[in-house]
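One structure is given here, and the rest of the page talks about it.
When reading the values below, keep in mind they use all heavy atoms of this one structure, side chains included, and skip hydrogens, waters and symmetry mates. Residue numbers begin at 1 in each chain, while the letters A, B, ... track the order of the sequences.
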There are 2 protein chains.
Amino acid sequence: MATTLKLIHEKGFKATTMRDIASNLNFEVANVYNYIDSKQSLLESFLDDISDEFHLSIDNIMASTYSPEEKLRSLISANIQLTASKPYEVALLMNDWRHLNGNKLKDFLKRRMDYENKVSSIITEGIKRKQFRKMDIEIATYSVLASLRWLYSKYTDRVTKLNPIEIEKQISDFIFAGIGRI
Amino acid sequence: MATTLKLIHEKGFKATTMRDIASNLNFEVANVYNYIDSKQSLLESFLDDISDEFHLSIDNIMASTYSPEEKLRSLISANIQLTASKPYEVALLMNDWRHLNGNKLKDFLKRRMDYENKVSSIITEGIKRKQFRKMDIEIATYSVLASLRWLYSKYTDRVTKLNPIEIEKQISDFIFAGIGRI
DNA sequence: GTCTATAATTCGATAGAC
DNA sequence: GTCTATCGAATTATAGAC
């Protein structure tokens, strides 16, 4: 299904037809339905899987005895490694969750908010312990997450991939120290 | 057309049908074609317009006698003001450019790369003048832009809007100083 | 400018043979 | 599991009356 994910990433979920998916797999359309229940369920299972991975990762970090700063570093590291290993899954998570329907969409948004709240709590605790400077929690949370969310495109969009170890150093430095002056 | 933009943002361009657009305007479908040539041209003109605004803004900054640090601050400020005043246009720019076709898509990507290269040149010059610390230019460029790109959602997704002046302070501080420790 | 009606195509999904 | 054939609904867009 890796080739299907790539296809969906390039055209977008809604613009990718079952015929596109079938021909990409060298199947006739009808045969695809021997592997999936519907186009919608394909999206749902992809999103559930990658979403689970992010949540499992952050839950382990939250349950650790790390300090807030260590938790944030660990979060950045885990996030980058997951993105580097599954860039197309991450791309789908970033771009196509809007096409979920009804309760699936509602649940997705609730879970995403849970994730963001966990990041917020790390930052809040870090400020309280004076490991981080005082700043608006909401802006800090979205800024940190945004600094990680663009990375998938460097793995989906070009041939020469970035070294995840060096990436982690550079992005961590940016998140902790910014461009350099204030 | 403001209400149309909002509709497209909520459902995504591909999932928004001409019938959706028509009923949103209290029209019958056929009548919408008295105002636009096609669904595709609607997307193209929206994207061209907002894209032009970003480019006009950065070109003025590039042509100024500001130092790299001043240029970056000015860029952040202009970017946030534009996002706060036209969040749905910015949302479309972030989310739906993929649905451009052929040469329109090619041109869009070329222009976007031009924009990113201008930001890169500011950062490169800033490092050379030791206004910014030494770091990977590409990562720095995407990190800075990512720190700005999430903001539209705080204007499209909720009732209580953030104060753009305070936002600018908080995001500037994050971009220049990060979370606080290294 | 706005409508009714409809053309022409494409879509997701299914039936049923092999 | 894979196919051919096809259904029924939805889609963009147009023709032409008012």
Practice item. Evaluate side chain to side chain donor-acceptor pair (under 3.5 Å) for Ser77(A) paired with Glu168(A), printing each intermediate quantity in order. Key: CA-CA 6 Å; Ser77(A) 175; Glu168(A) 184 181 325; 3.2 Å; yes
Check your understanding: Does the side chain of Tyr152(B) reach to within under 4.5 Å of the side chain of Leu93(B), using non-hydrogen atoms?
Key -> no
Check your understanding: Where does the angle between the aromatic ring planes of Tyr142(A) and Trp150(B) fall among parallel (under 30°), tilted (30 to 60°) and perpendicular (over 60°)?
Key -> parallel
Practice item. Measure the acute angle between the ring planes of Trp97(A) and Phe108(A), then classify it against the limits of 30° and 60° as parallel, tilted or perpendicular. Key: parallel
Check your understanding: What is the distance, rounded to the nearest whole Å, between atom CD1 of Ile21(A) and atom C1' of dT10(C)?
Key -> 15 Å
Review point. Atom OH of Tyr33(B) to atom P of dG16(D): distance rounded to whole Å?
Key: 18 Å
**Study point:** Pair Ser143(A)-Ser147(B), side-chain donor/acceptor within less than 3.5 Å
**Key:** no
Review point. For DNA chain D, which residues in residues 36-48 of chain B have a heavy atom at a distance below 4.0 Å?
Key: Ser38(B), Lys39(B)
Check your understanding: With a cut-off of under 6.0 Å to the ring centre and 45° to the axis, is Arg73(A) in cation-pi contact with Phe176(A)?
Key -> yes
Check nucleotides 3-7 of chain D for protein N or O atoms closer than 3.5 Å to its own N or O atoms and list the pairs.
unit_1	atom_1	unit_2	atom_2	d
dC3(D)	OP2	Glu28(A)	N	2.9

Check your understanding: Does the Ser67(B) side chain pair with the main chain of Glu70(B), one donor and one acceptor, at a distance under 3.5 Å?
Key -> yes
Review point. Do the two ring centres, one from Tyr35(A) and one from Phe27(A), sit under 6.0 Å apart?
Key: yes
